K.L.:
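A single structure is presented below for examination.
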Amino acid sequence: MEREIKPYVLKRTAEELAPAKLSRDYAKELNPQQLAAVTAGEGPSLVIAGAGSGKTRTLVYRVAYLIDKGVDPASILLLTFTRKAAQEMLHRAGLLIGARSERVFGGTFHSVANLLLRRYGRPIGLEPGFTILDRSDAEDLINLLRAQLGMNEKDKRFPRKGTIAEIFSKCENTLQNLDDVVLSEFAHFSEHLEALDQLKRAYAEAKRQRQLLDYDDLLVKLRELLGKDEGASRAISSSFRTILVDEYQDTNRLQADLVRKLAATHDNVMAVGDDAQSIYGFRGATFRNIMDFPTLFPGARIYKLEENYRSTQPILNLANEIIQGAAEKYSKHLFTRKLDGPLPALIQAAGENAQSRFVAQKILELREEGVPLDEIAVLFRSSFHSFDLEIELSRRDLPFVKRGGFKFIETAHVKDLIAHLRVLENPLDAVSWNRILLLVEGVGPKKAQDLIASFVKTERPDREPERRAIDVLRDVSGRSGRGLKDLARVLEEAGRARAMTPAEQVNEVYTYYLPILKEQHDDYPKRMRDLEHLYTMAERYERLDDFLADMALEPPDESAADVEAADRNDERLVLSTIHSAKGLEWQCVFMLWVVDGRFPSAYSFATEEELEEERRLFYVAVTRAKQHLYLTYPINEYDKATGTILSKPSRFLDDVSPSLLETWGLVEEEGSREWESREWD
């Protein structure tokens, strides 16, 4: 017979019942709109943060305020889209509140998923030592499976590995099935649906067998864990009693579902973002997430940040009017205390070259007036829009950097070296084995596959996979050359993980790889600098698995092998697509090709959703400017893609009051090719 338990109430002391004394005067340090968001109570809340309105400051103060109020820092989860953003926010919170902020759990969706899966993943078949594939590795594995299934031999063109990876990724991030994604976005491959479905299943099985996860799997598997294992789900949700999400307008359906599941036990979610800056639909992000947040979290309170600290009021007046035409939005009106400033200018050019000459000449004038080159940006809808301007800038010896090119981690030489390290960490990683074996002279695809198959055989269960691989390489090298013997030697040396740091392992592999690099690449001096940079990065790590995970989750962006302007200078003009410019700001901004058919792109005319995203993209471009804004458009330009003449400014300017823009025409200077701008009446 069970004994009846009589409750005995433990009373709180007067000190415990007294309101916590805050260490900062938040009302003095924040504007009223920011203060309301920072001091919001429990429950779901959505902060609509207009461009330049102090979104990051608000999040930083929110973290500090919660800790100040007595919330356990370890129970706060801060989700961002880059690790750098999380680190910066927590550093700034630390300056406000002290070292307690270091205990806040902050990072990207993918890095948080990585840590949680390594800790809780066993119920869904994941061991803590799984390997993360980057996009290129995933494509290589897909290509390998495609060949094994005989899909390369089809009579009609089968999609390439990059396209297949994009299709599979879209399925995961948008929570759609394969048929829907292919039929809506890749209809020209619809006849291969059955084969693609077979390949998708083979890809999933190959990853499962080898304990491999691609980038999307991190989120997919975390969602699976939270949905299937109630114990793990409750433990994770209970450990994060407060969730803050940055840039919520950039989340996809999978990420929104994860936020919902992570908050299952409490609903204490604050999502911060701007519906007017939702511009990544092509990556799977959905505008609907931020609009539907109050539906996903009933009772959510909505806060708006509308005071802009970046731009002058004339620029904001234009931005407000452009976004006013949006079909669906959270109504807001950006304002600033910087009331004075020149009106934005709309410049009509006879053709593309006149547009380029104007931009180059005006940049030189601004520089003479004291505006540094690195405070000037030229933005465009698509990368090819700047080609003519690049020639003109080079002709006038104006140094520039263009956002784009290969990412550091995507360059062949970095991938080669990383692949050697990956097989040390996970000897069952067939993708990395395939890459490093093909670097060896005399080893082709067939021989590489035979070797990989022999590595994973289990006739010698007493030998570790790494040891089996080295033994096989040595055995084969005795019959077919020195290359495999050298590979076996370097893997054995670098594999002494307990005796070597990750930096030392990088150096060991680098010494082996250098002759291969020189043989395969004419520009090997630039590539050597990249590998030296890789060594420097590895010095920050004590464990190889941590180094490899970070390289997959948060790779650095720039490579010395990227194409840059010939005249390297610390002060360089920025040329950038608008997508790459989001979150940045410059004193002066030029927008190229503000002509209907180029911006918005003619390809967006098909659906209302795409056209609306183009409007938001236009808004993002305008709000990058602090003081000067120039919108240029050539007239009477023939568009080969559509077979039409482009002759009118962007439709997004149709409803803009003439009083908000100066209109300029470009006039050739008499007696020379030079010309001047003249304001039109």
Side-chain angles (χ1 to χ4, degrees), residues 133-137 139-140 399-425 429 431-443 448 473 481-497 499-570 572:
L133 299 175
D134 66 18
R135 181 58 174 259
S136 182
D137 292 324
E139 289 179 7
D140 287 345
F400 64 88
V401 58
K402 185 174 181 180
R403 302 298 185 204
F406 285 104
K407 299 296 185 185
F408 180 91
I409 197 66
E410 294 169 352
T411 53
H413 50 296
V414 173
K415 288 192 66 61
D416 288 345
L417 197 145
I418 290 288
H420 288 81
L421 300 176
R422 281 182 169 166
V423 299
L424 294 177
E425 186 62 23
D429 184 348
V431 175
S432 294
W433 271 119
N434 192 61
R435 186 177 190 96
I436 67 176
L437 287 170
L438 290 177
L439 294 172
V440 177
E441 187 175 354
V443 176
L473 288 174
R482 183 175 179 80
L484 292 174
K485 184 177 181 181
D486 288 344
L487 176 59
R489 178 192 56 76
V490 74
L491 292 178
E492 186 168 43
E493 290 294 322
R496 294 171 181 168
M500 301 180 77
T501 65
E504 290 169 336
Q505 290 174 299
V506 168
N507 191 54
E508 189 76 27
V509 175
Y510 173 77
T511 304
Y512 158 80
Y513 176 67
L514 192 56
I516 300 173
L517 178 72
K518 292 180 177 180
E519 180 68 25
Q520 294 196 348
H521 301 285
D522 291 337
D523 62 347
Y524 67 84
K526 285 184 181 179
R527 296 173 187 264
M528 287 168 63
R529 290 202 298 274
D530 280 345
L531 299 181
E532 289 161 6
H533 183 47
L534 192 69
Y535 174 84
T536 302
M537 289 187 290
E539 284 185 308
R540 301 197 296 264
Y541 294 83
E542 295 179 358
R543 291 160 49 96
L544 181 60
D545 58 348
D546 290 339
F547 173 60
L548 293 175
D550 277 1
M551 287 299 292
L553 291 167
E554 282 287 333
D557 288 339
E558 295 177 355
S559 163
D562 284 350
V563 178
E564 293 183 337
D567 181 11
R568 187 68 192 264
N569 193 305
D570 287 338
R572 290 182 294 167

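Treat the numbers as computed from the prediction; the structure is a model and nothing was measured. For reference, positions follow the sequence shown, starting with 1.
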K.L.:
What's the spacing between E519 CD and L439 CG if we round to 0.5 Å?
P.N.:
12.0 Å
K.L.:
Could you pull out the closest heavy-atom pair between S432 and V423, with the gap in Å?
P.N.:
CB-CG1, 3.7 Å
K.L.:
Find out whether I516 and D416 are in side-chain contact, i.e. whether some heavy atom of one side chain is under 4.5 Å from a heavy atom of the other.
P.N.:
no
K.L.:
What are the two closest non-hydrogen atoms of L491 and W433, and how far apart are they?
P.N.:
CD1-CH2, 3.5 Å
K.L.:
Could you go through the side chain to side chain contact (heavy atoms under 4.5 Å, CB included) check for Y513 and V490 one step at a time?
P.N.:
CA-CA 10 Å; Y513 176 67; V490 74; over 6 Å; no
K.L.:
Do E493 and R489 meet the salt-bridge criterion of a basic N to acidic O distance under 4.0 Å?
P.N.:
no
K.L.:
Say you draw a straight line from CD of E441 to CG of L484; how long is it, rounded to the nearest 0.5 Å?
P.N.:
11.0 Å
K.L.:
Supply the atom-to-atom distance E425 CD to D546 CG, rounded to the nearest 0.5 angstrom.
P.N.:
9.0 Å
K.L.:
How long is the gap from CE on M528 to NZ on K518, to the nearest 0.5 Å?
P.N.:
5.5 Å
K.L.:
Please report the C-alpha distance between L531 and L517 in whole Å, then the side-chain angles of each, then the deciding distance to 0.1 Å, and finally whether the side chain to side chain contact (heavy atoms under 4.5 Å, CB included) criterion is met.
P.N.:
CA-CA 10 Å; L531 299 181; L517 178 72; 4.1 Å; yes
K.L.:
What distance separates N434 CG from D429 CG, expressed to the nearest 0.5 Å?
P.N.:
10.0 Å
K.L.:
To the nearest 0.5 angstrom, please state how far the NE2 atom of H420 sits from the CG atom of L487.
P.N.:
5.5 Å
K.L.:
Output, in order, the C-alpha distance, side-chain angles, deciding distance and verdict of side chain to side chain contact (heavy atoms under 4.5 Å, CB included) for D134 and K415.
P.N.:
CA-CA 10 Å; D134 66 18; K415 288 192 66 61; 3.0 Å; yes
K.L.:
On a heavy-atom basis, which atom in I418 and which in L548 lie closest, and how many Å separate them?
P.N.:
CG2-CD2, 4.2 Å
K.L.:
Ignoring hydrogens, what is the shortest heavy-atom contact between Y541 and P502? Give both atom names and the distance.
P.N.:
O-CD, 3.5 Å
K.L.:
What pair of heavy atoms forms the shortest contact from A419 to R435, and how long is it?
P.N.:
CB-CD, 3.9 Å
